[in-house]
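Take a look at the structure below.
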Amino acid sequence: MQNSKNHGRNNNTAGEEDTVYEISQRCLIIRLGKELDHHNAIGIREKADKYIERYHVMHIIFDFSRAEFMDSAGIGVVLGRYRKVYFIGGRIAVASVGTVIDRVLRLSGLYKIVEKYDSVEIALNKLQKA
Amino acid sequence: MQNSKNHGRNNNTAGEEDTVYEISQRCLIIRLGKELDHHNAIGIREKADKYIERYHVMHIIFDFSRAEFMDSAGIGVVLGRYRKVYFIGGRIAVASVGTVIDRVLRLSGLYKIVEKYDSVEIALNKLQKA
Amino acid sequence: MKEANTMLLEFESRSQNESFARTVIAAFAASLDPTIEELADIKTAVSEAVTNCIIHGYADNIGIIAMRCSICGNELTVEIEDKGVGIENVEKAMEPLYTSRPELERSGMGFSFMEAFMDDLEVESEPGRGTLVRMKKRLGKPDPLKEYAKETALKGQ
Amino acid sequence: MKEANTMLLEFESRSQNESFARTVIAAFAASLDPTIEELADIKTAVSEAVTNCIIHGYADNIGIIAMRCSICGNELTVEIEDKGVGIENVEKAMEPLYTSRPELERSGMGFSFMEAFMDDLEVESEPGRGTLVRMKKRLGKPDPLKEYAKETALKGQ
Ligand SMILES: Nc1ncnc2c1ncn2[C@@H]1O[C@H](COP(=O)(O)OP(=O)(O)O)[C@@H](O)[C@H]1O
Ligand SMILES: Nc1ncnc2c1ncn2[C@@H]1O[C@H](COP(=O)(O)OP(=O)(O)O)[C@@H](O)[C@H]1O
């Protein structure tokens with residue numbers, strides 16, 4: 001195991017470069033990396049908003065399947081995107097939310113305006129059918 | 001993933017409790033945990049010496065397959081055990097040594113008195129045939 | 001065994017150090033053998049306090065943030081301090097959803113999170129002098145869900 | 001981007017803090033994107049210096065160990081200091097295999113390891129005052145093996 005990793009990078013930075021963006025029709029899927037804090041929020045906000053404008057995004061899905069940490073800066077990111085698409089009737093969904101992230105989302109009250117689904121596929125189905 | 005780990009312990013202590021001791025004939029196999037530093041060395045030394053006395057151990061094999069860190073305190077542990085069995089014709093082997101540990105072993109000059117094998121099985125074979 | 005340990009970390013108010021501070025508190029608390037949830041709670045609270053020093057305390061300047069931690073028995077105490085602008089009205093600042101920087105998409109939930117995830121929160125601040133946040137958490141508290149299960153099990157006998 | 005960052009960690013001379021110090025230096029150095037080998041080198045050197053403070057500097061007492069780290073460009077500097085007994089003869093102490101505590105199975109390889117794994121090592125000590133170890137490592141140096149491969153590749157053209 002150590003042999004194969006040798007000379008390789010020791011990937012313990014969980015930066016926003018980790019985040020992957022996908023467009024499916026007018027839906028933006030944001031696949032978050034390991035950590036969503038203020039440091040990473042800055043870049044995610046910027047990139048997400050570029051996608052939103054360029055692709056006339058209506059709905060947004062946050063994929064938390066790789067996420068292990070989120071603080072109130074992450075809540076700010078979700079809320080901020082909500083405000084962007086709210087006026088054009090867009091909806092926000094979160095998918096693959098683990099227990100740790102779920103506690104933060106619950107505590108923030110975000111579930112009042114955000115829909116939770118088990119997977120991105122289910123979320124896509126629900127949002128694009130509407 | 002997070003769900004299943006929830007309420008579980010977050011096992012990031014790499015203590016000497018991690019170390020497993022096995023006796024095969026008069027050979028002691030010490031399966032080291034993740035880290036071998038001064039803190040862990042104290043306990044490993046003690047337990048190893050109990051096994052050496054109780055089971056009239058002649059040869060010792062250090063299994064490094066799980067080891068990710070070792071400093072000069074680890075060298076002290078190996079050297080100390082060598083001194084225990086040397087007088088009765090015992091031999092010391094190290095097995096499954098990754099690159100990181102190998103550099104430390106090489107630098108220490110320990111390979112002059114210690115035999116390196118790819119696996120515990122091979123080491124056992126060599127030591128018990130002699 | 002009664003655990004005891006203390007440490008002090010001083011670091012610069014760069015946003016990359018938010019995750020650094022979380023790693024340090026996680027490593028320091030490891031000897032208390034926290035559950036995944038307890039560890040997440042502590043990391044979140046520390047992340048909130050450190051981010052506040054960076055964004056609010058020092059705004060765009062680089063200043064020093066001090067994190068003092070101690071373990072006594074099963075209790076972890078964390079103090080996070082900056083020598084930045086300080087807070088005029090602590091009571092108002094601690095109100096849920098209050099933020100002075102909505103333009104940065106701050107949600108105003110930082111203090112609420114610290115309160116919710118730790119057992120104890122104190123804030124000392126003086127305008128122009130800086131801010132000190134003191135948080136405590138007792139680890140290994142019986143899990144309320146498990147306690148409940150035990151009770152019902154006993155009743156069943 | 002020119003990296004710059006500094007930190008100070010003060011912690012107690014308990015042996016459980018050896019791994020704590022390693023975790024902290026690894027997290028601090030992360031922004032330099034070290035290879036697995038570079039990271040192992042740094043952790044080993046820090047482990048040696050910290051262990052020496054615990055075993056030799058403070059012997060059986062609990063004292064404070066200070067670890068000061070800074071990143072400047074691609075260079076990491078680590079200072080580890082104790083206010084313990086100090087070293088009478090630094091030159092002799094740094095000789096390979098010299099140890100004053102063979103009964104603890106010390107191998108006398110601590111300073112040799114620090115020298116081998118880092119690019120630079122300085123030791124300042126005064127009996128009765130304490131010891132300061134200053135180590136530097138430049139990260140991302142061209143791997144000699146890779147450089148060689150490149151050269152032969154070029155010759156092949
Ligand atoms: N370290 C600090 N220095 C100065 N002001 C602070 C500090 N921490 C918090 N504040 C003030 O308290 C307010 C509320 O903080 P918080 O609940 O964490 O929400 P947020 O960080 O999202 O604004 C901040 O908007 C800021 O005005
Ligand atoms: N921080 C320190 N305080 C006092 N003495 C020290 C310190 N570090 C090293 N020494 C002295 O230098 C000697 C050599 O150190 P080192 O090469 O690390 O080997 P070891 O730790 O195995 O003895 C030690 O045995 C000790 O006498």
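Just so we're on the same page: letters track the sequence lines, and every chain starts at 1.
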Roughly how far, to the nearest 0.5 Å, is CD of B:Q25 from OH of B:Y55? 15.0 Å
Residues of residues 103-116 of chain B within contact distance of chain D, non-hydrogen under 4.5 Å: B:R103, B:V104, B:L107, B:S108
Is the number of heavy atoms from other residues, nucleotides or ligands within 6.0 Å of CD (B:E22) greater than 12? yes
Checking heavy-atom separations under 4.5 Å from chain B, one finds in residues 89-107 of chain D D:L104, D:E105, D:R106, D:S107
Donor-acceptor contact present, side-chain B:R66 to main-chain B:L32, <3.5 Å: yes
Do any of residues 41-55 of chain D come closer than 4.5 Å to chain B, heavy atom to heavy atom, and if so which ones, in number order? D:D41, D:K43, D:T44, D:S47, D:E48, D:T51, D:I54, D:I55
When the ring planes of B:Y86 and B:Y82 are compared, do they come out parallel, tilted or perpendicular, using 30° and 60° as the limits? tilted
Tell me, side chain or backbone of D:R14 under 4.5 Å from chain B's heavy atoms, or both, or neither? neither
Of the listed residues (B:I75, B:V77, B:I42, B:L79), which shares the most heavy-atom pairs with chain D below a 4.5 Å separation? B:I75
Nearest 0.5 Å, please: how far is CD1 in D:I71 from CG in D:L76? 6.0 Å
Return each pair, listed once, that meets ring pair (Phe, Tyr, Trp, His ring centres under 6.0 Å) where at least one residue sits in residues 22-53 of chain D; pairs must be two or more places apart or across chains. C:F20-D:F28
To the nearest 0.5 Å, atom CE of D:M67 lies from atom CD of D:E79 at 11.5 Å
Verify the distance criterion only: is there a donor paired with an acceptor across the side chains of D:T131 and D:S125 at less than 3.5 Å? yes
Without swapping roles, check the side chain of B:D49 against the backbone of B:I52 for a donor-acceptor pair under 3.5 Å. no
Inspect the contact between B:D18 and B:R31 and indicate whether a charged nitrogen and a carboxylate oxygen are less than 4.0 angstrom apart. no
How far does CG of D:L32 sit from SG of D:C72, to the nearest 0.5 angstrom? 10.0 Å
Let me know which of D:I80, D:T77, D:D119 forms a side-chain contact (heavy atoms from CB on, under 4.5 Å) with D:M135. D:I80
With a cut-off of 6.0 Å (strictly less than), are more than 12 heavy atoms of other residues, nucleotides or ligands near CZ of D:R129? no
If I measure from the heavy atoms of chain D, does B:R45 come under 4.5 Å with its side chain, its backbone, both, or neither? side chain
Charged N-O contact under 4.0 Å between D:R134 and D:E124: yes
